[in-house]
Every structure is written in structure tokens, then in C-alpha cells.
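Residue numbering restarts at 1 for every chain, and letters A, B, ... go by the order of the sequence lines.
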Protein chains: 2
Amino acid sequence: MTRRYSDILIYGASLALLLFLLKWFEVKFLLYSHSIEVMIGAVAVVFTVLGIWLSSKLTKPQIKTVVVEKEVIVEKGPEFIFNESAFLESGLTERELEVLTSMSLGLSNQEIADKLHLSVPTIKSHASNLFEKLDVKRRTQAVERGKYLKIIP
Amino acid sequence: MTRRYSDILIYGASLALLLFLLKWFEVKFLLYSHSIEVMIGAVAVVFTVLGIWLSSKLTKPQIKTVVVEKEVIVEKGPEFIFNESAFLESGLTERELEVLTSMSLGLSNQEIADKLHLSVPTIKSHASNLFEKLDVKRRTQAVERGKYLKIIP
DNA sequence: TCAAATATCATACTTAAGTAGGAAATTATG
DNA sequence: CATAATTTCCTACTTAAGTATGATATTTGA
């Protein structure tokens, strides 16, 4: 904004200077040759250029590209969504899933038995069955598989 | 682009017309008053306005506000970011972390030993040490702990 | 209702996991 | 360079995990 005012001042000063020069030319040169047309033509050209220059200076700040970058960050939380179809496909029973879930918590067979009010052999039985259904050999693998299938958190 | 050329043509025509008019004024009016300064001033003003008009016409297509709405959807997936400080705090060694990582894959001690080209007793030794450091009793618990601490994927 | 699936528990066994204690080699680190 | 930490491996042992087989009760679906 301040530049615009300064430009106008420069333009005004240039105009004044040019008028002064023209006055001098008028007396010293033009009067002898009487070529007023040439004089007027020169003035026209000079002031056209000046006008273009002023205009460009005044309008330049308007020639700007406004780039609005809207960044929307969608946070895909690691929330657990039970995969019903994977559970059905696995062929696991509800009890087996309970045992598997307890296994994923790091519980021992004894602790799982206590938790579910069952005996250790029962847990072992469920464990063996679910291992075969998940096609794994160890409980750690079963937990990995269960998490991969999204049937346990 | 075509508009610019037509504008220049209009400007040229206007310039010719004005010069013609000026010539007429020069003979009919100016010679009597002898006010060449006024004449030149008028020409200056007219051509300045013309210059500004031309410039504005030429630059108008550039006065365009381009609003680019960039919608960046950053999917914050469940990607694993190793927690350096948690690893340091745990006091685990590099080897122990390797063993823990292999455990999380569901590998047995024998398989880990084969993978790392070590003996089973060595793996057991590392296992016992890392269990104590992580304050757990079983490998399944260790894996849980490791994932919680974000030192394994 | 009756067979099939599920769930429970048991015994006996094998294998893997984990503990304890020690020893030797390697690698950092002051 | 010497000490501490790490890594490696061992033997011997205990405990937990997992397998196999079978029995009994319950539930479920045709």
C-alpha cells in the first residue's frame, strides 16, 4: 500500500520534470522547427509509457496467486474391530476364542483355568483344538494369527 | 491472447483518431490562444489515461485469484515406531531384543536358535534375562509387554 | 428325537519352556 | 590396560505346554 503512494509521488515528480523539459524543448528547439505534431507525438508516447508503468505498478500487488492448502489429517486409530467373518471361517468356538484371548494376555493355562473356572486339562484341550483350527503349533503363534485375523485385540 | 491484440488495435486506432483531433485543435483553437502548455498537458493526461487503460486491459487476465484447495489425507496407520527411550529404560540388550522379536513371531526356542545361529541354552539364557528385565514370567507376557512399550512391532 | 457338535474333565505321556549356577570368550569403556 | 558388560554355551533341574485318548454331560440342528 505504501508503495502505491510512493509510486504516485514518483509519477507526479516525473510528470513535473517532463513538463519542465518539454517547456525547455518548446522554446529552444520546437519553435524553430515548428514541428508541434512531433512534439505532441513524443509526449503521447512518453505519457502512454508512463501510464502503462503506473498502472502496472498499481495493479501488480493484485496479480497474486492465493493458494489455500487445506490439510485434513484423518487419524486412523488402531482401534480393534472384531472380524466376524474371519472368526466364522476359522471354525473356532466361543470357548476357544475365550481361551485364545486369555492367551494373548499372557496368561498361563493354570491362570486361564482359574479365570474361566475350569480345570487345566480342559484349557489344554481347548488349546490343542484351537491350535489345529488356526493351523499353528504354539500359543505364541496362535496369538499372532488371532491378531492378524482380527479376532482378538 | 486474441483480446490483447484487439486491444492494441483499438489503442492504435484511438491514437490515430486523437492525433487527428489534436491536429484539428491545433489549427482551430490552439493557435489563437497560444497555450501550448495546456495542449501538451491535455495530451499528457489523455495518453496517461490511455496507457493505464491499455495496461489494465493487458494485465487483467493475470489478475486472477487461483484458489488451490489441497486436501491431504494423512492416514495415520498402525505403523510401528520404535520407542528408543522405552528400550533404553528397559535395560534390554540388542540380543535380548532380537530374541524377543523372534518370540513375538511365534517362534520356538529351537527355531530362534536356528535363526540366530545360536544354541538353545543361549536362547533360554537370553529369555530368562529379558523376562526379568521386563518383569514378566512367560514369553507371551513378554511379547505383550514389548508391544505395549513399542519396542517390538 | 437323535446324531453331531460342543464343553467338560481325566490320565498318561512327550516336548518345550523356564530356572539355577557356572564358565569362557568377546566387546565396550573409563 | 583392566574391569564391566555382553554374549555365548553348558549341565541339571523344575515346571509349563502340548498331544493322545477317552469319558461324560450339554447343546444344537435336521
Could you work out, with side chain to side chain contact (heavy atoms under 4.5 Å, CB included) as the rule, every residue matching A:K115, not counting sequence neighbours? A:S102, A:L105, A:L107

Of all pairs that satisfy side chain to side chain donor-acceptor pair (under 3.5 Å), the ones with a partner from residues 127-136 of chain B, not counting sequence neighbours: B:E96-B:K133

Which pairs with one or both residues in residues 139-153 of chain A pass side chain to side chain donor-acceptor pair (under 3.5 Å), sequence neighbours excluded? A:N109-A:R139, A:E144-B:K147, A:K147-B:E144

Under the 3.5 angstrom rule, does the side chain of B:S125 hit a backbone N or O of B:P121 as a donor-acceptor pair? no

Test your reading of the model: is there a side-chain donor-acceptor pair from A:T122 to the backbone of A:L118, 3.5 Å cut-off? no

Across the strands shown, which category fits A:T93 at heavy-atom distances under 4.0 angstrom: base, sugar-phosphate, nothing? sugar-phosphate

Looking only at heavy atoms, which two atoms of [X] and [Y] are closest? And how far apart?
{"X": "B:I152", "Y": "B:S104", "result": "CD1-CB, 3.8 Å"}
{"X": "B:A142", "Y": "B:F131", "result": "CB-CE2, 3.8 Å"}
{"X": "B:I123", "Y": "B:L116", "result": "CD1-CD1, 4.5 Å"}

Have a look at the helix from C:dT1-D:dA30 to C:dG30-D:dC1 and give the angle its two end axes make, five pairs each, rounded to 10 degrees. 60°

Could you list where the contact with chain B starts and ends along DNA chain C, reading 5' to 3', using a 4.0 Å heavy-atom cut-off? C:dA17 to C:dT19

What string of B, S and - do you get for nucleotides 18-30 of chain D 5' to 3' if you count protein non-hydrogen atoms under 4.0 Å? BB-----------

Side-chain ion pair, B:E111 and A:R138, N-O less than 4.0 Å: yes

Please round to the nearest 0.5 Å and tell me the distance separating atom CZ of A:F87 and atom CG of A:L100. 10.0 Å

Comparing A:K133 and A:S119 on DNA chain C - which has the more 5′ nearest nucleotide: A:K133

Earlier contact from the 5' end, DNA chain D, for A:L107 and B:L118: B:L118

